[in-house]
Amino acid sequence: MNYCSIYHINAPLTEELEALLARHPTPANHDGMHYVFASAVDTENPIIIDELVDSEGELLTGDALAWYMAKILATDESAVFWASVPRLEQLHNHAAWRIWRAKYDHELEGEGRKQFKSDWLYVEQMIAAAMPEAAASWPAYSDSMTYQQGRAIVLSAIQANAAG
Amino acid sequence: MVDIINNPRQVMPGSELAINPPFAKRALSRWFTAYSSALNGYDEFSTPFVLTGDYRVRALVYFDGSQTVLYGNSAFPSSRCQVLSDGSVNWRADNFFVSVDSPAATVPTNRLSIIEVGRVGSAGTITVNDATVFSGAVPTGLCEIDVIARQGGTYANAELAALEIEKAGIMVGDFPLDEGPGSTIRINRAAVLGSEFGDSVSLVLQNGTIRHGAVLSASTVGFQDIAVGFGALPAAPVLVNISTTGSGSVVVEGGGLLSTITAGDSVELVSGGTDILFKGTDFTGDIAMSLKEIPAATPYATRFNQPASLTNLFTQVSDGWKGEELWMFGDAIGFNEASTFTAIIGTSFALPLQIGSVYRASGNKETSNRVELRLGGNQVPIIPNGEFSSDLTISSASGEARYRSSSSVFVPVAGDLTDLSVKRFLEVAS
């Protein structure tokens, strides 16, 4: 399978990363912190997103996958991810990722606030249903909340609950 | 002497384009690329199209309900056209931040649509599938377009299949976007090329040894420069056309692109400032090569962040385009208990599906038992016996086909579904 790859912008400049930067001189960088390359180069111990399974052997998808990814993205600058494009698209469209990117108005032409509120409430429900340990880190939505504040909150919520 | 790839389409501003777009006149198969917003996939012109006065841009795009940028400017979000998630067309006719919009739901979801914007004086029109959906005043300033499927930091998330740019009645940009996954550039079919750069050259490569005048090298391992007769290549971009006769294959390197050309085939690429290199161990025959300058007024496009897996070959059918076979099962597909979705025997694949895309399942059903085929999070009933063809819109990337009897009344029958085929499907808007 053809995989894409994700590196932290401060990841060690390995030969593999150099090769990717030469191959893709303008990689995606949606959050200011991670490069997303349109291909992968063999490296040691990549985290293959399409093959992640839970303790029962079921493939990780949806919220569980997004939450797992978020914990690593927020805490480990040396992690290298591989993913198929559909998996990347799935994660790219997740509410928590959009809050972290904090680029609502730019991309949605004035619909940004509506989308931001919807995303905030979605993550709130996701935490209540499946990640109660993070509930204390997630304040209620407020119209006065800025996108940058939302970005900071989602990061602190993930980092506070990264263990386990 | 001026060489022309395609005849420029001399049409008057305000009239219809003289010919149908490329997708309508080309062969029965073509490449489609799914530009990915997650990967920032886009194409960039070698020089921007600078449009003053009257102009017209037409695109063929598969809109899947997510924001889809057709073209724009990479430096700032102006001079752009996009389809918003509500199905409206949003157009900025010049470099300033003034938009006009068509009504919501103008562009049908999960269909291939032709979207056209045009400016004559200050009169602007937006047309979708030949229906005018906006007509009114638009800004008349300078419009600079330098990217496809992108504007500023926003990227498309859909298939774009053709883009045509007409300036004062002259076609200056004709991009079928029909290049295969190995191509790093997209040729402008409206390009008015310069003269042959040096002489066209015909070379003979025999078992890896290049012969043109003198033998350059007997090596069959490394790349060899056969751009003799051209002198140093110009720094300006040149369109390189290479064709071969004989037998075997040869690998060509130019413009950052590696291509394998089978004898009897040809390839086009863009280069500039670097020589064109070849190597081959089993090739015997002639290599003809010509290089012609690409003027800035008719630029080519370079592809960025488009993995090979997102460019796929599609074949035309009566109502759209069908992709390559994803799964094909001959017969004896196992059955299951009623009302419980069970994986079809032999479908233990892990191929992710494109969420939001339509897939067409077809095959034969041997009995009248009603069954449901489930794929990527959705299911579709398959009721009659005989040949069937059903479309599913995918909501989950999980690529596992399942099916069930839809009622406990019907007794499952082994081998009921045969010749099951699943392909990606792009339906043309009616």
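The chains referred to below are lettered A, B, ... by the order of the sequence lines, with proteins before strands, and numbering in each begins at 1. These values consider heavy atoms only, across backbone and side chains, with no hydrogens, waters or symmetry-generated copies.
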**Request:** Let me see the working for S36(B) and L88(A) under side chain to side chain contact (heavy atoms under 4.5 Å, CB included), right down to the final yes or no.
**Result:** CA-CA 9 Å; S36(B) 165; L88(A) 275 181; over 6 Å; no
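- Taking 4.5 Å as the limit, some side-chain heavy atom of S309(B) sits within range of a side-chain heavy atom of V85(A).
- Atoms NE2 and OG, on H92(A) and S66(B) in that order, are 9.5 Å from each other to the nearest 0.5 Å.
- Note that CG of N93(A) and CG of N157(B) are 6.5 Å apart. Values are rounded to the nearest 0.5 Å.
- With a 4.5 angstrom heavy-atom cutoff, F37(A) touches chain B only via backbone atoms.
- Of the possible donor and acceptor atoms, none in the side chain of N2(A) sits under 3.5 Å from a partner among the backbone N and O of P307(B).
- Going from atom OG of S84(A) over to atom CG of L310(B) covers 10.0 Å, rounded to the nearest 0.5 Å.
- Inter-residue side-chain proximity for V36(A) and N40(B) is flagged as unmet; no heavy-atom pair is nearer than 4.5 Å.
- Atom-to-atom distance recorded for S85(B):OG and Q115(A):CD is 8.0 Å, nearest 0.5 angstrom.
- Under the 4.5 Å side-chain criterion, counting only non-hydrogen atoms from C-beta, F304(B) is in contact with P25(A).
- Closest approach of H30(A) and A38(B) over heavy atoms only: NE2-O, 2.8 Å.
- Taking each heavy atom of T26(A) and N305(B) in turn, the nearest pair found is O-ND2, 2.7 Å.
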